[in-house]
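When a residue number appears, it is its place in the shown sequence, counting from 1.
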Amino acid sequence: MTTKTYTQEILKMKKRILFIWIGALALGFDGSGYGQGTIVFNNLGAPDGKVYLSTGGAGGLLDQDINFLLRIDGPGNLPVLDRSWLLSDGTARGINVGPGLFADPTHSVIVLPGIAPGEPITVFIDAWVGNYPTLGAALQAGAAWGEGAFSSSAGSIEAPPATLVDMRSPFTVASVPEPATVSVALLGTVLLFLNRIRDRSKRSMA
């Protein structure tokens, strides 16, 4: 093989490698995720795992964009992933795709560092309404929020899961009464109970 022919073969091989990398990037992942577990963020294929929204006394299936936080734990409850979709930075825009349904607007395959394909994982989902960048800020403001958790297994780069198929239980994003409101309600209940006892005492003495 001449030097010219050898150089041409090397160039052809480099072109093939370049085309492979371009194809991988077009599919939404790179070589760093090869051989690692994956997950996608949507409940489109989980018929029982829908999200309900209850605010202001009205409730029903989720019908608006809200904030989501996805957390993944691997074996031994070791944290693997923490990713959010927020109204405040626009990443949650379009995340509500139907009644009670959500889907990552980027439709990306999320690589789970250090998790092998098929390995068991625990999925935690937090959701809250309002223009709050963190769940803590939402809770401090008394915003409606909810959470869900379930066990699953990681997919792979070659065969990523199409949905959160193991999300079988629904969860509700709801307003939590402020402590002062709860205290007033409890005080009213106690006073009503005491008034009833007083009325009974008066009737028995009459």
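By the criterion of side-chain heavy atoms lying less than 4.5 angstrom apart, applied directly or through intervening Ile, Leu, Val, Met, Phe, Trp or Tyr residues, Ile125 is grouped together with Leu81 in one hydrophobic cluster. Both Ile115 and Phe150 belong to a common hydrophobic cluster when Ile, Leu, Val, Met, Phe, Trp and Tyr are linked at side-chain heavy-atom distances under 4.5 angstrom.
For Gln64, the CD atom sits in a packed shell: over 12 heavy atoms of surrounding residues, nucleotides or ligands are nearer than 6.0 Å.
Taking CG of Leu53 as the reference point, atom OG of Ser175 lies at 8.0 Å (rounded to 0.5 Å). If you take CZ on Phe124 and CG on Asp73, they are separated by 4.5 Å, rounding to the nearest 0.5 Å.
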Tell me, with the steps shown, if Phe68 and Ile66 meet side chain to side chain contact (heavy atoms under 4.5 Å, CB included). CA-CA 7 Å; Phe68 280 93; Ile66 59 175; 3.5 Å; yes
If you apply the rule side chain to side chain contact (heavy atoms under 4.5 Å, CB included), what do you find for Val40 with Asp104, and how did you get there? CA-CA 8 Å; Val40 295; Asp104 177 5; over 6 Å; no
Step-by-step side chain to side chain contact (heavy atoms under 4.5 Å, CB included) determination, Phe171 to Val51: CA-CA 5 Å; Phe171 68 91; Val51 181; 3.7 Å; yes
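Using a cut-off of 4.0 Å between Lys/Arg side-chain N and Asp/Glu carboxylate O, Lys50 and Asp48 are scored as not salt-bridged.
In this structure, Asp82 contributes its side chain and Leu69 its backbone to no donor-acceptor pair below 3.5 Å.
Heavy-atom minimum distance, Asn67 versus Tyr132: OD1-O, 3.9 Å. Taking every heavy atom of both residues into account, Asn43 and Gly100 meet most closely at ND2-O, 3.1 Å.
The only member of Asp126, Leu164, Val123 that meets side chain to side chain contact (heavy atoms under 4.5 Å, CB included) when paired with Leu70 is Val123.
Put simply, the side chain of Trp85 reaches to within 4.5 Å of the side chain of Pro105, judged on heavy atoms.
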